[in-house]
Amino acid sequence: MTILVTGGAGFIGSNFVLDWLAQSDETVVNLDALTYAGNLRNLESLAGDARHVFVHGDITDRALVDRLLAAHRPRAVVHFAAESHVDRSILGPGAFIRTNVEGTFTLLEAARAHWGALDGDAKAGFRFLHVSTDEVYGSLAPDAPAFTETHAYEPNSPYSASKAASDHLVRAWHHTYGLPVLTTNCSNNYGPYHFPEKLIPLMIVNALAGKPLPVYGDGLQIRDWLYVGDHCSAIRTVLAKGRVGETYNVGGWNEKPNIEIVHTICALLDEMRPDPAGPYARLITHVKDRPGHDRRYAIDARKIERELGWRPAETFETGIRRTVRWVLDHEVWVREVQSGAYRDWVAANYAAQGRA
Ligand code: NAD
Ligand code: DAU
């Protein structure tokens with residue numbers, strides 16, 4: 001058996017591929033365009049493992065997706081590939097429309113053609129799992145209940161609007177064509193291989209470099225943090241047991257204001273790598289806010305627990321400690337990601353392995 005994963009060289013996708021192959025012998029075909037966010041270093045431990053087939057390509061390339069589906073006949077598509085950073089979407093929304101909307105459309109059409117030609121158990125068992133975000137629901141008032149799966153869609157950034165559009169396409173392909181889809185809407189992830197443009201890894205690497213820790217606005221915006229390993233287990237659970245056509249909210253029951261996150265990181269670094277110049281919190285700097293900044297996200301994850309028995313294993317306290325430790329132990333990874341040197345490694349790796 002085989003699954004096709006898109007975006008499996010990114011933060012969550014690479015954690016998912018590693019996690020999947022640690023628990024299963026089912027081959028993963030990993031289609032990734034290796035944008036700035038894709039990094040084959042994350043998958044280095046799979047070098048020479050025949051269960052991982054990496055394909056350098058774009059999800060908007062219909063002919064390529066058709067070829068992969070025909071050649072590998074996956075039982076499922078697990079779709080992570082996306083432009084994922086809100087700040088980048090504000091500076092340049094075009095890539096978000098192309099990958100998140102057109103890319104998802106391309107995959108849906110290719111999957112529909114592939115699934116339509118299947119029969120028997122293969123047809124009944126096929127799944128298209130779309131990995132989405134809580135940001136599609138917009139911003140919550142301080143005392144409002146957490147997002148459930150029936151909360152209205154109110155996306156506020158070009159990123160969240162593009163993800164909302166992709167969710168709607170997935171829904172429509174099920175209702176109109178019967179494509180057996182599943183959608184997950186997850187809160188903020190953190191953990192190993194997190195690209196240091198996002199809050200948590202950025203704060204860790206900036207602190208270690210003695211650089212300012214840029215907190216947007218008053219820093220009282222709230223996010224609901226989930227350790228990436230828990231997101232991976234939720235996706236595996238939904239793929240295995242989710243009801244076709246349903247959406248499942250995934251979250252960590254960990255609402256925290258940004259400024260508290262930054263102070264927690266500073267305190268952990270003070271303990272694990274004390275700076276002779278003084279406590280890391282001295283580097284905290286409030287900067288101009290993000291335009292249209294959503295004030296609060298919170299996920300009500302009771303449906304996935306009630307129906308599928310999933311709950312996060314990690315608390316924020318254990319997960320953030322593991323994450324800070326991981327960054328301290330992976331200085332080379334961080335340096336290469338920041339310098340872009342990993343691209344040279346990728347080129348060499350392609351040449352060595354004769355891949356497209
Ligand atoms: P990421 O930016 O780290 O990785 C995205 C991956 O997709 C990269 O490997 C990139 O090379 C690849 N990619 C981008 N455009 C592509 C294209 N056109 N064709 C093929 N590959 C392409 O993202 P992430 O944080 O790992 O997020 C993965 C998914 O999970 C996204 O769909 C995102 O919306 C969703 N999500 C993320 C979070 C989070 O906190 N990071 C939370 C909830 C949902
Ligand atoms: O909620 C899920 C979403 O979480 C995912 O869909 C997105 O792909 C992912 O990037 C993330 O979006 P956010 O915008 O919440 O994540 P980010 O790490 O960019 O920011 C987290 C919070 O921290 C947010 O309120 C903005 C703030 N922030 C961020 C950065 C990068 C700062 O205060 N300073 C910063 O330098």
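Read the numbers this way: they start at 1 and go in the same order the structure lists the ligands and their atoms.
Checking Thr2 against Arg73 by side-chain atom types alone, no donor-acceptor pair falls below 3.5 Å. For the residue pair Ser187/Trp225, the side-chain donor-acceptor check at 3.5 Å is not satisfied. A donor-acceptor pair shorter than 3.5 Å cannot be found between the side chains of Tyr297 and Glu255. Between the side chains of Tyr227 and Asn254, no donor-acceptor pair is found at a separation under 3.5 Å. Using modelled atom types and a 3.5 Å distance limit, the side chains of His130 and Thr183 yield no donor-acceptor pair.
Not close to ligand 1: Thr60, with no non-hydrogen atom less than 4.0 angstrom away. Heavy-atom separations between Asp32 and ligand 1 include at least one value shorter than 4.0 Å. Using 4.0 Å as the threshold, Gly57 has a heavy atom nearer than that to some atom of ligand 1. Using a 4.0 Å heavy-atom cutoff, Gly103 is absent from the residues neighbouring ligand 1. At least one heavy atom of His293 sits less than 4.0 Å from an atom of ligand 2. Proximity of Gly8 to ligand 1 is not established, as no heavy-atom distance is less than 4.0 Å.
Scanning the protein for heavy atoms near atom 1 (O) of ligand 2, the closest one is Asp134 OD1, 2.5 Å. For atom 14 (O) of ligand 2, the nearest protein heavy atom (residue, atom name, distance) is Arg290 NH1, 2.6 Å. At the top of the distance list for atom 5 (C) of ligand 2, counting protein heavy atoms only, stands Tyr159 OH, 3.6 Å. Among protein heavy atoms, the minimum distance from atom 29 (C) of ligand 2 is reached at Tyr216 CE1, 3.5 Å. Shortest contact from atom 34 (N) of ligand 2 to any protein heavy atom: Pro214 O, 2.7 Å. Of the protein's heavy atoms, Leu199 CB, 3.8 Å lies nearest to atom 21 (C) of ligand 2. For atom 8 (O) of ligand 2, the closest heavy atom belonging to the protein is Ser84 O, 2.7 Å.
Close approach of ligand 1 to Asn188 is summarised as follows: ligand atoms under 4.0 Å from at least one heavy atom of the residue are 40 (O). Within ligand 1, the atoms closer than 4.0 Å to a non-hydrogen atom of Gly38 are 8 (C), 9 (O), 11 (O), numbered from 1 in the order shown. Close contacts of ligand 2 with Leu202, meaning ligand atoms under 4.0 Å from a residue heavy atom, involve 36 (O). Against a heavy-atom cut-off of under 4.0 Å, Thr133 is close to the following atoms of ligand 2: 1 (O), 2 (C), 3 (C), 5 (C), 6 (O).
Side-chain N or O atoms of Ser160 include one that pairs as donor or acceptor with a backbone N or O of Asn156 at under 3.5 Å.
Within the 4.0 Å heavy-atom criterion, the part of Asn258 lying near ligand 2 is the side chain and not the backbone. Counting heavy atoms under 4.0 Å from ligand 1, residue Tyr159 touches it through the side chain alone. With a heavy-atom cut-off of 4.0 Å, Asn188 touches ligand 2 through backbone and side chain alike. Counting heavy atoms under 4.0 Å from ligand 1, residue Leu34 touches it through the backbone alone.
Residue His79 has no nitrogen or oxygen atom sitting less than 3.5 Å from a nitrogen or oxygen atom of ligand 1, judged on distance alone. Considering backbone and side-chain atoms together, Lys163 places an N or O closer than 3.5 Å to an N or O of ligand 1. Between Ser132 and ligand 1, not a single N/O pair is under 3.5 Å apart.
Taking the six-membered ring where the residue is Trp, the centroids of His168 and Tyr153 are separated by under 6.0 Å.
Counting only non-hydrogen atoms, the option in His85, Glu197, His194, Glu135 that gets closest to atom 3 (C) of ligand 2 is Glu135.
Only one option out of Ile261, Asn258, Leu213 pairs with Met203 in a side chain to side chain contact (heavy atoms under 4.5 Å, CB included); it is Leu213.
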Given the rule in the ring-ring contact (aromatic ring centres under 6.0 Å, His included) test, do His114 and Phe126 qualify, once you have shown the distances and angles that lead to the verdict? CA-CA 10 Å; His114 171 72; Phe126 185 80; 5.5 Å; yes
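Taking the six-membered ring where the residue is Trp, Phe16 and Phe80 present tilted rings, their angle falling between 30° and 60°.
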